[in-house]
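Inspection log for the structure reproduced underneath, given as structure tokens.
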Amino acid sequence: QVQLVESGGGLVQAGGSLRLSCAASISIDSINYMRWYRQAPGEKRNFVASIGRIGNTAYLDSVKGRFTISKDNAKNTVYLQMSSLKPEDTAVYFCNADRGWHSDWGKGTQVTVSS
């Protein structure tokens, strides 16, 4: 099982920026995909962004151009740089490690964007 610890959440005004981090307990170079999801109160958990082993990325349409996912293999850490934040980005953000045969989740970090 991969232990994932998210950090970097907080309260920010609309238009501001935050950088989330997800530290993994194993080499992320061995993980097929690292993903960020988010879940707002009363809603289901939704995909936000992913990065593959070769660095290929994908994004939810509503965050394209505002969010950037990246990784540092040496630190076993994945990042989500969030800019031009909007109140609708408010949610708990979760990190996910997908090894194909198994998926692990972190406990999440709260992001709150005030208008």
Side-chain angles (χ1 to χ4, degrees):
Q1 187 174 5
V2 182
Q3 306 296 322
L4 301 169
V5 180
E6 302 98 333
S7 61
L11 173 64
V12 64
Q13 288 188 332
S17 300
L18 283 173
R19 189 178 79 158
L20 306 183
S21 299
C22 171
S25 60
I26 67 169
S27 171
I28 61 173
D29 198 33
S30 66
I31 299 174
N32 292 349
Y33 287 95
M34 294 292 296
R35 299 186 177 101
W36 286 97
Y37 286 76
R38 66 187 182 188
Q39 187 168 19
E43 298 185 12
K44 66 180 182 72
R45 194 171 296 187
N46 292 314
F47 167 81
V48 176
S50 68
I51 187 164
R53 293 177 65 181
I54 61 172
N56 49 311
T57 60
Y59 296 93
L60 175 69
D61 282 348
S62 62
V63 308
K64 285 181 180 177
R66 300 190 298 121
F67 291 9
T68 302
I69 189 170
S70 62
K71 62 178 180 172
D72 185 334
N73 288 342
K75 295 182 178 180
N76 295 327
T77 300
V78 176
Y79 304 98
L80 185 67
Q81 178 67 48
M82 306 185 295
S83 302
S84 301
L85 283 162
K86 304 175 181 180
E88 50 264 43
D89 294 318
T90 295
V92 178
Y93 284 69
F94 297 89
C95 182
N96 170 264
D98 180 3
R99 288 183 281 174
W101 55 274
H102 191 71
S103 183
D104 294 286
W105 293 89
K107 294 183 178 181
T109 184
Q110 175 71 47
V111 172
T112 303
V113 184
S114 63
S115 56

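Only heavy atoms go into these numbers, but all of them, side chains included; no hydrogens, no water, no symmetry mates. None of the values given here were measured: they were computed from a predicted structure.
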Review point. With D98, which residues qualify under salt bridge (Lys or Arg N to Asp or Glu O under 4.0 Å), at least two apart?
Key: R35

Check your understanding: Are the side chain of T112 and the backbone of L11 linked by a donor-acceptor contact shorter than 3.5 Å?
Key -> no

Exercise for review: Under the salt bridge (Lys or Arg N to Asp or Glu O under 4.0 Å) rule, collect the residues that match up with D29, sequence neighbours excluded.
Suggested key: none

Check your understanding: Would a 4.5 Å heavy-atom cut-off, applied to side chains only, mark F67 and Q81 as touching?
Key -> no

Check your understanding: Does a side chain donor of either S103 or N96 reach within less than 3.5 Å of an acceptor in the other side chain?
Key -> yes

Exercise for review: Apply side-chain contact (heavy atoms from CB on, under 4.5 Å) to R38 and V111, showing your working.
Suggested key: CA-CA 9 Å; R38 66 187 182 188; V111 172; over 6 Å; no

Review point. Does T57 have any side chain to side chain contact (heavy atoms under 4.5 Å, CB included) partners at least two apart in sequence or in another chain, and if so, which?
Key: I51, Y59, I69

**Study point:** Any L4 side-chain heavy atom under 4.5 Å of M34 side chain
**Key:** yes

**Study point:** Beyond-backbone contact of K86 with R66, side-chain heavy atoms, under 4.5 angstrom
**Key:** yes

Check your understanding: Tell me, do N73 and K71 make a side-chain contact under 4.5 Å, heavy atoms counted?
Key -> yes

Review point. Is the closest side-chain heavy-atom distance between R99 and Y33 below 4.5 Å?
Key: no

Exercise for review: Grab the two heavy atoms, one from N76 and one from I28, that are nearest each other, plus how far apart they are.
Suggested key: OD1-N, 3.4 Å

**Study point:** Min side-chain heavy-atom separation Y93-M82 under 4.5 Å
**Key:** yes

Check your understanding: Is any side-chain heavy atom of Q39 closer than 4.5 Å to a side-chain heavy atom of F94?
Key -> yes

Revision key, fill the gap. Minimal heavy-atom distance between S27 and I31, with the atoms involved, is O-CG1, 3.9 Å

Exercise for review: Could you give me the CA-CA distance, side-chain angles and deciding distance for T68 and L80, then say whether side-chain contact (heavy atoms from CB on, under 4.5 Å) is met?
Suggested key: CA-CA 6 Å; T68 302; L80 185 67; over 6 Å; no

Review point. Side chains of E88 and T90: do they bring a donor and an acceptor to under 3.5 Å?
Key: no

Please list, one pair per line, the donor and acceptor atoms closer than 3.5 Å that link side chains of residues 14-24 to other protein atoms, with sequence neighbours excluded.
none

Exercise for review: Not counting sequence neighbours, which residues clear side chain to side chain contact (heavy atoms under 4.5 Å, CB included) with R53? List them please.
Suggested key: N32

Point to revise | Nearest non-hydrogen partners of E6 and G108, listed with the distance | key: OE1-N, 2.9 Å

Check your understanding: Would a line drawn from the ring center of W105 to the ring center of Y37 be shorter than 6.0 Å?
Key -> yes

**Study point:** Contacts of type side chain to side chain contact (heavy atoms under 4.5 Å, CB included), residue S70, not counting sequence neighbours
**Key:** Y79

Exercise for review: Would you indicate whether the side-chain heavy atoms of V92 and T109 approach each other to under 4.5 Å?
Suggested key: no

Point to revise | SB check K64 D61 (cutoff 4.0 Å) | key: yes

